[in-house]
Engineer: 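Structure incoming, see below.
Chain letters run A, B, ... following the sequence lines, proteins first and then strands; every chain starts at 1.
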Amino acid sequence: MNLGTRKILDRSFTAVGITSILLMAAALLVVVVPIFSGGIGAIFFKGTIEHRKIQYNEFEKGSRKVIDRQIAEVTPYRQEVYRILDAFEADMETMEPAEKRDYLSKYKKVRDIVAHLLGPIPGDPEPILLRYQYGTTRWEKAEESLHDLMFVTKWDYSNPEEMAKQYFVPRADEFAGTALAALFPYMEKNLDKMLLPEQTFYWGFLTERSLDAHIFGGIWAEIQGTFFLAVGAMLFAFPLGVIAAIYFTEYARENFFTSVLRSANSTLAGVPSIVFGLFGLAFFINTIKVSDSKSVLAGSLTLAIMILPTIIRAAEEAILSVPRAYKEASMGLGSTKWRTILTVILPAALPGIITGGIISLGRAAGETAPIIFTAAVSVGATIGVADVFTQPTPALSWNIYNLASEHEAANEIRHVQYGMVLSLISIVLLLNLSAILLRAHVSKKLKG
Amino acid sequence: MQEVLKKKSGENRALAPRESRKTIGNINVQNPRMVCRNVNVFYDEKQAIRNVSIDIGRNEVLAMIGPSGCGKSTFLRCLNRMNDTIDSCHVTGEILFDGKNIYDASVDVVPLRAQIGMVFQKPNPFPKSIYENVAWAPKIHGIVESKSDADEIVESSLQKAGLWEEVKDRLDQPGTGLSGGQQQRLCIARAIAVSPEVILMDEPCSALDPIATAKIEDLIEELRTQYTIAIVTHSMQQASRVSQRTAFFHLGDLIEVGSTETIFTKPSHQLTEDYITGRYG
Ligand SMILES: Nc1ncnc2c1ncn2[C@@H]1O[C@H](COP(=O)(O)OP(=O)(O)OP(=O)(O)O)[C@@H](O)[C@H]1O
Ligand SMILES: [Mg+2]
């Protein structure tokens, strides 16, 4: 092959390499950007006075004075809305029964939307669920509800060849000529004065408990649960894994028994995580009964079993990559085998062992299947450290799934779901980052 | 391929009649420090050392020479039971150190290896500071109790290894950051730090340049006054410069032992002569 062709080949290979890296980066962006922007929205958003009320009433955050002043500010505008509603209700009393029936169902929709926006309408009985005790807390949700109030969504089925088309009809038309007609322009014009949206930095999303199944409040219970489960799994798996790796590399003779052990370990690394979940339920909960039902302990043990093979492998590799010369130097100076392992081999292998450990920690934090049957609940109280032996816990991975698929108000609280996804990804990334930093630190210290 | 090689080496051995492979020369010395009798070493089935008997005297440097693969390292590593760390290796015969067989079941290798130190072919300082490299072994053997004891041992060991002047200002820097020759002297200092009686050296200069080699050779000459030294080397010049006695190994047999001068000027065995005149090896 002549020089010209080789150069062309080299260049085209470089081009292919760069293209594939760019493609990967683009794919990553496509995934990460929505997660990031959606997740940030759980913390940075335009919050309404309803958000501030909840913060004050439930978490004692914010000042009474400011809230009182703002309530005084919004009250006149809200009063006007209630006045219009009252006037229309009074009008309805005077209508013909048929006409009244016709209006009643349409009016109920309007009334519901107003209650959803502003909170319970004065005179109504106090709602039981917290979600009905307050109005809309986020301005962008309020704008969506306003749109629902202003327009009736209709579907055009006229062309059977095509999909039905969505179109909007002003709701005001339904009430033309009645007292309620004034409500629509009034709401549109004055909604911000009734809700007082302010740019809000809701740090409490990460540190506060959830209220009424994540309709309000934060995700601390999930973050803490994830932390308990992952750290618990590490507490079991890390020491066991390192000890097993030491056994495999330094003590085990090559025989049938150890080769069976080795291949069992490799096989275990490839078992699907749902199988570990079922195993955890069958073994830890039903057979040896570490707890009466789901608990953090059972979940941690299950996760520990799942990550054990990875930790063993990483530790084994790290130990094997320690130059034999260190071992000989140590043994040659009359150190015992055990001391050689502790003071020479393990320190030299530490960066690799730590990396394996932290990557497993990240995996334990993110896994869903193993904890479904053993530890996770969708809605639960924030538990204390003392409860980990008996209590189940919400956890990010499981609750992301739950919010996305099973929550009755899934659409209303997409931001919570995004916030959880972003938190989980951040936790895993932070763990991996700290693995890299710790590794760099330890290996620098070992060299110096 | 393996089969062919095995056959070949088998043929080689068959060619030399057993009688002509008996050790020539005087294996005994006055008042020996170590006495080896009928030492055989096997790696699994394969015999690497056959019936070797030799004394190692006090304050002498014994050089071990011979073609590659003849078992020099294997034999050297028997002398402080470093071969224990290789699972497949097993040793028969007697090796007496100060009158006691080191392969006795009752012998603890921990103090033994402190008394019979070892310096390896490739400098292998620990990935710790220079200070820690030297102070580590005295600490684990409980020789030092206080920081000042350790300081003292570190300084005197580095002095003896001729490294003190070069590193006294950077004791806290990594031992692995030194030059190859300095690293090897650090390893010697490390071995000296536990006050051994014998120092085993396996081609200590093979990874070093001539100047670093000369320094180590001078050092060996000095250390001889305090320690017994057994050194494996591939360099005839080195053997003749540093040693008082020389042992020539060939295919697992100890062929000839004698004073270095005799071996290099009037070798008795044909194999020895061939080797030192460079006809093979
Ligand atoms: N760990 C081991 N396992 C099996 N065989 C070994 C092992 N170490 C050495 N041997 C064999 O024992 C014989 C002697 O090896 P040894 O390393 O003692 O030779 P040497 O004289 O030191 O050679 P060199 O000059 O190349 O270092 C060789 O045939 C070698 O293949
Ligand atoms: Mg050798």
Engineer: Just so I understand: if I count every heavy-atom pair under 4.5 Å between each of B/Val109, B/Asp87, B/Val194 and chain A, which residue has the most?
Structural biologist: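 Of the candidates given, the most pairs with chain A belong to B/Asp87.
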Engineer: What are the two closest heavy atoms between A/Gly334 and B/Val110, and how far apart are they?
Structural biologist: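 Taking every non-hydrogen atom into account, O-CG1, 3.0 Å.
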Engineer: Supply the atom-to-atom distance A/Leu333 CG to B/Met118 CE, rounded to the nearest 0.5 angstrom.
Structural biologist: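 Between atom CG of A/Leu333 and atom CE of B/Met118 there are 11.0 Å.
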Engineer: Answer with side chain, backbone, both or neither: which region of B/Arg77 has an atom nearer than 4.5 Å to a non-hydrogen atom of chain A?
Structural biologist: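 For B/Arg77, side-chain heavy atoms alone lie under 4.5 Å from chain A.
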Engineer: Please name the pair of heavy atoms, one in B/Phe126 and one in A/Ala329, separated by the smallest distance, quoted to 0.1 Å.
Structural biologist: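 Closest approach of B/Phe126 to A/Ala329: CE2-CB, 3.9 Å.
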Engineer: Would a 4.5 Å heavy-atom cut-off, applied to side chains only, mark A/Arg324 and B/Thr85 as touching?
Structural biologist: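 Heavy-atom side-chain distance check passes, below 4.5 Å.
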Engineer: For B/Gln226, look at atom CD and say whether over 12 heavy atoms of other residues, nucleotides or ligands are found less than 6.0 Å away.
Structural biologist: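 Result for CD/B/Gln226: enclosed.
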Engineer: Listed by chain and number, what are the side chain to side chain donor-acceptor pair (under 3.5 Å) partners of A/Ser434, not counting sequence neighbours?
Structural biologist: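 Side chain to side chain donor-acceptor pair (under 3.5 Å) check on A/Ser434 returns nothing, list empty.
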Engineer: Working to the nearest 0.5 Å, report the span between CD1 of B/Ile140 and CZ of A/Arg339.
Structural biologist: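 So the CD1 of B/Ile140 and the CZ of A/Arg339 are separated by 5.0 Å.
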Engineer: Dump the intermediate steps for side-chain contact (heavy atoms from CB on, under 4.5 Å) on B/Arg113 and A/Thr336, then the final yes or no.
Structural biologist: CA-CA 10 Å; B/Arg113 291 197 189 128; A/Thr336 57; over 6 Å; no
Engineer: If we define contacts as heavy-atom pairs under 4.5 Å, which of B/Glu132, B/His141, B/Lys122 has the most with chain A?
Structural biologist: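 Looking at each option in turn, the highest pair count goes to B/His141.
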Engineer: Name the region of B/Pro123, side chain, backbone, both or neither, that has any atom closer than 4.5 Å to a heavy atom of chain A.
Structural biologist: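 No part of it gets close to chain A.
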Engineer: OG/A/Ser330 to CZ/B/Arg190 distance, rounded to the nearest 0.5 angstrom?
Structural biologist: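 Atom-to-atom, A/Ser330:OG and B/Arg190:CZ are 8.5 Å apart.
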Engineer: Measure the CD-CD distance between A/Glu328 and B/Gln121 for me, rounded to the nearest 0.5 Å.
Structural biologist: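 Answer rounded to 0.5 Å: 10.5 Å.
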Engineer: In terms of heavy-atom contacts, does OH of B/Tyr43 have more than 12 from other residues, nucleotides or ligands at under 6.0 Å?
Structural biologist: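 More than 12 heavy atoms, drawn from other residues, nucleotides or ligands, come within 6.0 Å of this atom.
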Engineer: More than 12 non-hydrogen atoms from neighbouring residues, nucleotides or ligands closer than 6.0 Å to CZ on A/Phe36, yes or no?
Structural biologist: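 Not more than 12 within 6.0 Å, no.
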Engineer: Where along residues 239-265 of chain A does a heavy atom come under 4.5 Å of chain B, listed by residue number?
Structural biologist: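 The stretch touches chain B at A/Arg253.
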